[in-house]
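Everything below concerns the one structure shown next.
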Amino acid sequence: MLLREIMTSSVVTASPRTPLRRIAELMRDRNVGSVVIEKGARPVGIITDRDLAIGVLAGAGDPGDPAERCATSPVVTGEEDMPLEEAAALMVSHRIRRLPVLDADRLVGIVTLDDIAVRTGNLEVAQQMTADVARAAFPDFYFHQRGG
């Protein structure tokens, strides 16, 4: 299975100068957990709901700050003709739950762990990927505090 077969093609995007408050409004209004920051049609960063919560609300950020101050950059991306297994390995190795999808340098979609579960019909794959991402992102917590 290729990414083009499971990706969501309607990606919520914003420019690097978009205020963080507007990014949060986009997430709320479009019911998404991330916004891809792009210049032209090329992704230059990504902001997640967690980035806003930790970096702005619990941190020293200001809702009026531009998106580029809070965005994760460079953004890890996949190609639309990438096999799902390769994309899954890329997501796990980079500890990410969302992967913008490109055709050359142009943003054409996004794949999330939820997409993988729903569109492949394989809940076990998605659960394993989620566990792998969590283990990679929080090794001390996962192995020591949880006794895993």
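Just so you know, these numbers come straight off a predicted model, no measurement behind them.
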If you round to the nearest 0.5 Å, how far is CG of Leu20 from CG of Asp65?
-> 5.5 Å

Could you tell me whether Glu25 and Arg22 make a salt bridge, using a distance below 4.0 angstrom between a side-chain N and a carboxylate O?
-> yes

Within the side chain of Thr77, is there an N or O that forms a donor-acceptor pair under 3.5 Å with the backbone of Pro100?
-> no

Between Pro16 and Pro66, which heavy-atom pair has the shortest distance, and what is it?
-> O-CB, 3.5 Å

Within 6.0 angstrom of Asp29 CG, more than 12 heavy atoms from elsewhere = yes

Heavy atoms, side chains only, cut-off 4.5 Å: are Leu102 and Pro43 in contact?
-> yes

What is the minimum heavy-atom distance between Ile37 and Ser15, and which atoms define it?
-> CG2-C, 3.9 Å

Could you tell me whether Asp49 and Arg97 have a side-chain N and a carboxylate O separated by less than 4.0 Å?
-> no

Would you check if Leu3 and Leu99 make a side-chain contact, meaning some heavy-atom pair closer than 4.5 Å?
-> yes

Validation row: Ile110, Ser34 side chains within 4.5 angstrom (heavy atoms) | yes

Joint cluster assignment, Leu90 & Val75, ILVMFWY side-chain distance < 4.5 Å = no

Glu38 and Val11, any side-chain heavy atoms less than 4.5 Å apart | no

Here the gap from Leu107 atom CG to Glu80 atom CD, rounded to the nearest 0.5 Å, amounts to 11.0 Å

Spell out, yes or no, whether Val111 and Ile96 are grouped together once hydrophobic residues are joined by side-chain heavy atoms under 4.5 Å, including indirect joins.
-> yes

Any chance you could measure Thr48, atom OG1, to Ile23, atom CD1, to the nearest 0.5 Å?
-> 11.5 Å

Which distance, rounded to the nearest 0.5 Å, do you find between the OG1 of Thr72 and the CZ of Arg98?
-> 10.5 Å

State yes or no: do Leu52 and Ile46 share one hydrophobic cluster built from I, L, V, M, F, W and Y residues joined by side-chain heavy-atom distances below 4.5 Å, directly or via other members?
-> no

Work out which heavy atom in Met7 is nearest to a heavy atom in Gly109; give both atom names and the distance.
-> SD-CA, 3.9 Å

Heavy-atom closest pair, residues Gly64 and Pro19 | O-CB, 4.1 Å

Joint cluster assignment, Leu26 & Val32, ILVMFWY side-chain distance < 4.5 Å | yes

What distance separates Glu85 CD from Leu2 CG, expressed to the nearest 0.5 Å?
-> 9.0 Å

Within-4.5 Å side-chain heavy-atom neighbours: Ile47 and Met27 = yes

Pick from Val12, Thr18, Asp51: which one makes a side chain to side chain contact (heavy atoms under 4.5 Å, CB included) with Val35?
-> Val12

Which heavy atom in Ser73 sits nearest to a heavy atom in Gly45, and how many Å separate them?
-> CB-CA, 4.3 Å

Side-chain heavy atoms under 4.5 angstrom apart, residues restricted to Ile, Leu, Val, Met, Phe, Trp, Tyr: same cluster for Val36 and Val108?
-> no

